[in-house]
Protein chains: 4
Amino acid sequence: MSDENQNSDGGNNVGGIAGDHLRSFIERIERLEEEKKALSEDIKEIKNEAKGTGFDVKIINKLLSLRKMEDHDRLEQEEILELYKRAIGME
Amino acid sequence: MSDENQNSDGGNNVGGIAGDHLRSFIERIERLEEEKKALSEDIKEIKNEAKGTGFDVKIINKLLSLRKMEDHDRLEQEEILELYKRAIGME
Amino acid sequence: MSDENQNSDGGNNVGGIAGDHLRSFIERIERLEEEKKALSEDIKEIKNEAKGTGFDVKIINKLLSLRKMEDHDRLEQEEILELYKRAIGME
Amino acid sequence: MSDENQNSDGGNNVGGIAGDHLRSFIERIERLEEEKKALSEDIKEIKNEAKGTGFDVKIINKLLSLRKMEDHDRLEQEEILELYKRAIGME
DNA sequence: CTGCCATTTTACCGGC
DNA sequence: GCCGGTAAAATGGCAG
């Protein structure tokens with residue numbers, strides 16, 4: 001956490017590990033993961049906002065997943081599902 | 001998909017799907033899921049019983065998760081150790 | 001974890017905790033959880049079997065969830081979904 | 001759900017649903033999800049970069065998870081301690 | 001009605 | 001490169 005490693009190789013190269021470099025990678029990744037987490041929280045807020053406006057979040061999620069699906073895939077899946085439902089008499 | 005269904009099995013094979021077979025899978029799975037559900041209810045009952053005996057269910061849950069975690073953690077520790085040994089060329 | 005507590009109160013009543021009783025609850029629960037896990041594995045096997053027979057497991061899961069839904073709920077949900085899709089021009 | 005929508009917005013309100021509003025929610029969420037996805041890709045790139053520099057990505061992942069776990073574990077330990085203190089009447 | 005727990009879904013990682 | 005299993009996140013249901 002602090003700048004306590006200030007020797008020439010910083011004491012960071014231990015047994016062949018380039019400590020500073022490794023630490024840099026780690027920290028860059030952690031930074032990005034924090035951003036991801038923040039985005040997830042933003043999404044959650046929007047859904048709550050939608051809920052407060054009277055929308056059904058469950059349905060919103062369904063819409064989102066439908067929109068993510070390729071149309072082709074969606075149709076195909078619906079067709080197969082219908083087929084199976086008929087096959088077991090659920091229609 | 002097509003009109004290739006020319007069987008005379010009473011309509012169970014629809015769209016080329018073996019309805020009876022599918023139904024059988026579905027029902028076997030549903031049966032097992034019912035058993036799972038029954039077990040969950042049993043567990044809930046035990047926890048209520050424990051609660052009635054004066055135990056704090058939250059503590060019981062914590063103990064359960066700790067016990068589950070122990071093996072996992074031990075393996076994790078061993079794995080980490082191996083990784084570090086490799087990292088510093090001790091392998 | 002082991003049977004190392006064998007003194008008269010077993011060392012189990014510590015600060016008012018009825019150790020043996022607690023342990024019994026814990027173990028009963030763990031036993032049931034193992035059974036649940038075994039059932040989950042059985043279900044997975046059946047799904048693999050179905051897959052090997054040419055069925056699409058994804059669709060089987062969908063069918064299972066549909067069958068779990070009350071008809072009323074299913075219809076209501078489908079209606080709301082349709083409504084929303086129209087609302088955003090996805091129809 | 002009720003007939004409280006009395007605007008004249010060209011048909012976006014279908015079935016009482018404020019289509020534009022819903023669409024706006026959906027699109028805001030989708031935008032954020034795209035950003036999340038981009039971040040995931042960035043992370044993957046960094047890991048590949050690290051790999052190209054000679055690091056073992058597996059170790060990096062392990063380090064990341066350890067660092068993430070540290071706070072969690074500390075909180076967990078504190079929580080357990082509190083639970084036990086309550087359990088033996090030390091609260 | 002809020003928070004908790006369980007389930008389900010999703011993303012990740014390693015093996016084939 | 002795909003598939004399977006595993007681990008994390010999100011969602012839904014339930015109890016208090």
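Chain identifiers are assigned alphabetically (A, B, ...) following the order of the sequence lines, protein sequences preceding nucleic acid strands; residue numbering begins at 1 within each chain.
Of the charged side-chain nitrogens involved, none lies within less than 4.0 Å of a carboxylate oxygen, so that C:Lys44 and C:Glu41 do not count as a salt-bridged pair. By the 4.0 Å N-to-carboxylate-O rule, B:Lys37 lies too far from B:Glu34 to be salt-bridged with it.
One atom, CD1 of A:Ile43, and another, P of F:dA9, lie 14 Å apart when rounded to the nearest Å. What separates NZ of A:Lys68 from C1' of F:dA10 is a distance of 11 Å, to the nearest Å. To the nearest angstrom, P of F:dT11 lies 14 Å from CD of C:Gln77.
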Starting from the C-alpha separation in whole Å, work towards a yes-or-no answer on side-chain contact (heavy atoms from CB on, under 4.5 Å) for B:Arg28 and C:Asp42.
-> CA-CA 10 Å; B:Arg28 283 164 66 198; C:Asp42 292 345; over 6 Å; no
Walk me through it: do C:Leu22 and B:Leu63 pass the test side-chain contact (heavy atoms from CB on, under 4.5 Å)?
-> CA-CA 10 Å; C:Leu22 177 59; B:Leu63 286 173; 3.8 Å; yes
Determine, step by step, whether A:Glu45 and A:Asn48 satisfy the side-chain contact (heavy atoms from CB on, under 4.5 Å) criterion, reporting the C-alpha distance in whole Å, the side-chain angles of both residues, the deciding distance to 0.1 Å, and the verdict.
-> CA-CA 5 Å; A:Glu45 278 174 36; A:Asn48 279 333; 5.7 Å; no
Run the side-chain contact (heavy atoms from CB on, under 4.5 Å) check on A:Lys68 and D:Glu30 step by step: do they pass?
-> CA-CA 9 Å; A:Lys68 256 197 290 196; D:Glu30 284 174 341; over 6 Å; no
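Remark on DNA chain E: of its neighbouring residues B:Asn61 and C:Asn61, the 5'-side contact belongs to B:Asn61, judged by nearest-heavy-atom nucleotide. Mapping C:Asn48 and A:Ile59 onto DNA chain F by nearest heavy atom places C:Asn48 closer to the 5' end of the strand.
Across residues 27-40 of chain B, not one residue has a non-hydrogen atom less than 4.0 Å from an atom of DNA chain F.
Between B:Arg23 and A:Ile88 the shortest heavy-atom distance is NH2-O, 2.6 Å. In plain terms, the two heavy atoms of D:Ile60 and A:Ile29 that are nearest each other are CG2-CD1, 4.0 Å.
A:Lys62 comes within contact range of no nucleotide atom at all, as no heavy-atom separation falls under 4.0 Å. Within 4.0 Å of C:Lys58, counting heavy atoms only, lies no atom of the nucleic acid at all.
Listed candidates were F:dG4, F:dG16, F:dA15. Nearest to the side chain of C:Lys51 is F:dG4.
Partner D:Arg31 forms a salt bridge (charged side-chain N to carboxylate O under 4.0 Å, His left out) with one of D:Glu35, D:Glu33, D:Glu27 and no other, that one being D:Glu35.
Once you apply a 4.0 Å limit to the heavy atoms of chain D, the touched nucleotides of DNA chain E run 5' to 3' over E:dC12 to E:dG14.
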